[in-house]
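Here's the structure we're looking at; comments come further down.
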Amino acid sequence: QVQLVESGGGLVQAGGSLRLSCAASGRTFSSYAMGWFRQAPGKERDIVAVISRSGAVRYYANSVKGRFTISRDNAKNTVYLQMNSLKPEDTAVYFCAADLRSSTITYRTAVNEYDYWGQGTRVTVSS
């Protein structure tokens, strides 16, 4: 079992920044890849970024590339999502998720490939 708790969401003006955190517990954190997803009202849950077990491999959705940075601190059992240059279209509930089946240097991007999910944290970007 893995428990995930997100924090750091809030209301920010366009062009601003936020850093989301996701604290994990229950299994050795460095044994699984981590992803950030988001879901806007009325839309499907989409991948935002993924980081491999060691942090050596990262993936970003095209919509956030160059603006968002995913990182992890395996000593603190925490994954982060630094979001800069935020746009109104980034408004969504953001979820972190754990993928227990990827290898050390691979990652997955589909919702149904993740095993555990946090409860989500809301990000609202005003124009």
(request) Run the salt-bridge test on Asp46 and Arg38 with the 4.0 Å N-O cut-off and return the result as yes or no. (result)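 Here Asp46 does not pair with Arg38 in a salt bridge, since their nearest N and O are not under 4.0 Å apart.
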(request) Count the heavy atoms of every other residue, nucleotide or ligand shown that sit under 6.0 Å from CD of Gln1, and state whether that count exceeds 12. (result)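 Counting neighbours around CD of Gln1, 12 or fewer heavy atoms of other residues, nucleotides or ligands fall under 6.0 Å, so no.
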(request) Check the surroundings of atom CZ in Arg122: do more than 12 heavy atoms from other residues, nucleotides or ligands lie under 6.0 Å from it? (result)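 Check fails, neighbour count at 12 or below.
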In Å, rounded to the nearest 0.5 Å, how long is the span from [atom1] of [X] to [atom2] of [Y]?
| X | Y | atom1 | atom2 | value |
| --- | --- | --- | --- | --- |
| Ser63 | Glu89 | OG | CD | 9.0 Å |
| Met34 | Arg58 | CE | CZ | 14.0 Å |
| Ser127 | Lys87 | OG | NZ | 14.0 Å |

Within the structure provided, determine whether [X] and [Y] are in side-chain contact (heavy-atom separation under 4.5 Å).
| X | Y | value |
| --- | --- | --- |
| Val2 | Asp115 | no |
| Val50 | Ile47 | yes |
| Ile51 | Val79 | yes |

Identify every side-chain donor-acceptor pair in residues 9-29 under 3.5 Å, counting partners at least two apart or on other chains, and give the distances.
{"residue": "Ser17", "atom": "OG", "partner": "Asn84", "partner atom": "OD1", "Å": "2.9"}
{"residue": "Ser25", "atom": "OG", "partner": "Gln3", "partner atom": "OE1", "Å": "3.3"}

(request) Scan for ring pair (Phe, Tyr, Trp, His ring centres under 6.0 Å) pairs involving residues 55-101, sequence neighbours excluded, and state none if there are none. (result) Tyr59-Tyr107
What is the minimum heavy-atom distance between [X] and [Y], and which atoms define it?
| X | Y | value |
| --- | --- | --- |
| Ala98 | Tyr32 | CB-CD1, 3.6 Å |
| Thr91 | Ala40 | O-CB, 3.8 Å |
| Arg53 | Ser30 | CB-O, 3.3 Å |
| Ser85 | Arg67 | O-NH1, 2.9 Å |
| Ala49 | Leu81 | CB-CD1, 4.2 Å |

(request) Determine, using ring centers only, whether Phe37 and Tyr114 are less than 6.0 Å apart. (result) yes
(request) State plainly whether one hydrophobic cluster holds both Val111 and Ile70, where clusters connect Ile, Leu, Val, Met, Phe, Trp and Tyr through side-chain heavy atoms under 4.5 angstrom apart. (result) no
(message) With clusters defined by side-chain heavy atoms of hydrophobic residues (ILVMFWY) lying less than 4.5 Å apart, directly or transitively, does Val5 cluster with Trp36?
(response)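 Trp36 does not cluster with Val5.
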(message) Under the rule for side-chain hydrogen bond (donor to acceptor under 3.5 Å, both in side chains), what residues qualify as partners of Gln39, not counting sequence neighbours?
(response)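 Scan of Gln39 (side-chain hydrogen bond (donor to acceptor under 3.5 Å, both in side chains), adjacent residues dropped) gives Arg45.
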